[in-house]
There are 2 protein chains.
Amino acid sequence: MVEPSKPFVPSTLGYALLGLLARGAQSGYDLTQGLKNPVGYFWSAGHSQIYPELARLEAGRLIHHHVVEQTERPDKKVYALTSEGSAALTDWLGAPTAVPRKRDELVLKAYSLWHSNPAGAAQMMREHAAVHAAHLAEFETRLTWLTDEAGSAIWQLDSKWFGVHAVLRRGIGYEREYRDWCEWMAGCLEGSSEAKTGE
Amino acid sequence: MVEPSKPFVPSTLGYALLGLLARGAQSGYDLTQGLKNPVGYFWSAGHSQIYPELARLEAGRLIHHHVVEQTERPDKKVYALTSEGSAALTDWLGAPTAVPRKRDELVLKAYSLWHSNPAGAAQMMREHAAVHAAHLAEFETRLTWLTDEAGSAIWQLDSKWFGVHAVLRRGIGYEREYRDWCEWMAGCLEGSSEAKTGE
DNA sequence: TAGTGCATGTAACGCGTTACATGATTAG
DNA sequence: CTAATCATGTAACGCGTTACATGCACTA
């Protein structure tokens with residue numbers, strides 16, 4: 001038997017790209033855009049990370065590309081999954097998933113807010129509440145669009161729209177909770193700045 | 001040669017350490033433990049990252065240390081904030097905070113789940129739901145402890161307990177939402193009819 | 001005698017961000 | 001005339017994780 005010469009395990013970004021390519025052949029530029037909305041909200045990357053990763057995936061034979069020549073646009077490389085790539089994606093989906101470590105500077109600041117003045121902190125919390133409220137509104141709008149476009153397909157597990165649906169749901173829940181926490185914090189902080197008149 | 005002395009801006013981890021030291025002088029080992037519960041749930045680091053960062057903070061004169069000799073334990077360096085360190089912490093608290101980018105492999109997998117078999121995925125979602133339910137229970141227990149110990153101080157903004165309270169609240173909301181999403185996903189994947197009633 | 005806790009460091013490696021680089025076309 | 005969009009790359013740098021390294025005291 002042949003020794004397992006090179007296992008080549010893609011990075012998580014690699015699997016993200018495979019997941020996007022499973023929905024249709026795309027160029028590196030398309031993938032860069034795709035990793036913004038809405039999946040990219042839970043796994044993003046810049047083009048400088050994507051192009052080298054595509055090269056590695058191709059070297060590992062999980063994807064392949066062909067050049068599409070364009071006249072009024074630069075030529076582009078359109079990538080597609082190979083059968084190995086499709087299998088690798090399925091394997092990854094079935095493998096155990098690590099619980100992500102969170103890194104949130106705002107919560108870190110909240111831990112030390114007693115060391116600062118409440119008035120400015122309250123304003124910061126209001127601002128962040130607004131940001132998350134905006135994200136929430138965007139996701140809800142997208143979910144409405146999705147429902148209009150895909151209809152009952154968003155509930156069909158073998159439809160690619162189900163994935164979008166799942167991500168949007170997660171985004172909506174996440175943003176709603178974050179917004180509520182920010183507003184709760186702001187309320188706490190403003191309650192005290194009323195008491196303290198001279199700041 | 002005499003450039004107007006580099007300002008030395010600490011990393012976010014540096015500020016996390018300053019925030020911990022603002023609550024009392026501690027050794028690097030203590031800080032390593034402190035960055036686990038409960039603040040560390042939103043900003044963690046290993047000791048291999050902490051010791052060099054402490055050295056940098058000290059070089060920047062934001063902290064200083066003195067050696068405490070111990071007989072039945074190894075000697076230790078106990079670090080404390082300087083006045084510059086305290087000021088740097090306050091400045092950081094008042095400065096704008098970036099909205100964190102999320103990286104969540106489970107949500108990424110959800111996006112591609114249509115490419116896999118639902119049965120295994122449902123089990124994975126149940127497992128993650130259990131993990132987040134356990135985190136939730138732990139945070140709720142800690143909040144109960146905190147209420148018993150600190151009493152009304154958890155509501156006083158100038159008390160360091162308020163920071164713990166704030167972080168625990170965020171943790172509770174986050175874990176509850178994540179658990180609910182996992183269970184909703186599992187319900188969808190298992191094909192139960194009650195899953196479709198949500199929203 | 002093996003493992004855990006205390007206590008402090010260094011080194012290697014990979015991932016992610018920012019910046020550097022180029023260059024055509026189209027819209028305001 | 002300026003900016004944005006399309007399109008693809010490389011390079012530098014910092015942060016975070018894992019592993020390497022040491023050593024004593026107490027417990028199972």
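Each chain gets a letter, A, B and so on, in the order its sequence line appears, and its residues count up from 1.
Atom CZ of A:Arg101 is separated from atom P of D:dC15 by 18 Å (rounded to the nearest Å). Taking atom OH of A:Tyr15 as the reference point, atom P of C:dC15 lies 12 Å away to the nearest angstrom. One atom, CH2 of A:Trp43, and another, C1' of C:dT17, lie 15 Å apart when rounded to the nearest Å. A straight line from CG of A:Leu54 to C1' of D:dT10 spans 15 Å, rounded to a whole angstrom. Atom CD of B:Gln49 is separated from atom C1' of D:dT18 by 12 Å (rounded to the nearest Å). Straight-line distance from the CG atom of B:Leu31 to the C1' atom of C:dG9: 15 Å, rounded to whole Å. Straight-line distance from the CD atom of B:Glu69 to the P atom of C:dA7: 14 Å, rounded to whole Å. For A:Arg103 and C:dT17, the CZ to P distance is 13 Å, given to the nearest whole Å.
The closest side-chain heavy-atom distance from A:Leu106 to B:Arg170 is not below 4.5 Å.
Residue B:Ser11 is classed as a sugar-phosphate contact, given heavy-atom separations below 4.0 Å to backbone atoms only. Within 4.0 Å (heavy atoms only), B:Ser48 reaches at least one base atom of the nucleic acid.
Between A:Glu72 and B:Tyr79, the one whose closest nucleotide on DNA chain C sits nearer the 5' end is B:Tyr79. Positionally, the nearest nucleotide of DNA chain C for B:His47 lies more toward the 5' end than for the other of A:Arg56 and B:His47.
Sequence neighbours left out, not one pair with a member in residues 72-85 of chain A passes side chain to side chain donor-acceptor pair (under 3.5 Å).
Annotation: the span from B:Leu108 atom CG to B:Leu113 atom CG amounts to 10.0 Å, rounded to 0.5 Å.
Residues A:Trp92 and A:Tyr15 bring their aromatic ring centres within 6.0 Å. Residues B:Tyr178 and A:Tyr174 place their aromatic rings such that the two centres sit no closer than 6.0 Å.
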Which atoms of nucleotides 2-7 of chain D (N or O only) lie under 3.5 Å from a protein N or O atom, and what are those distances?
residue	atom	partner	partner atom	Å
D:dC6	OP2	A:Tyr29	OH	2.6
D:dA7	OP1	A:Gln70	OE1	3.3
D:dA7	OP1	A:Gln70	NE2	2.6

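Side-chain atoms of A:His165 never come within 3.5 Å of backbone atoms of B:Tyr111 as a donor-acceptor pair (strictly under, hydrogens ignored).
For B:Arg169 and A:Trp181, the positive end is not near the middle of the six-membered ring at less than 6.0 Å and at most 45° from its axis.
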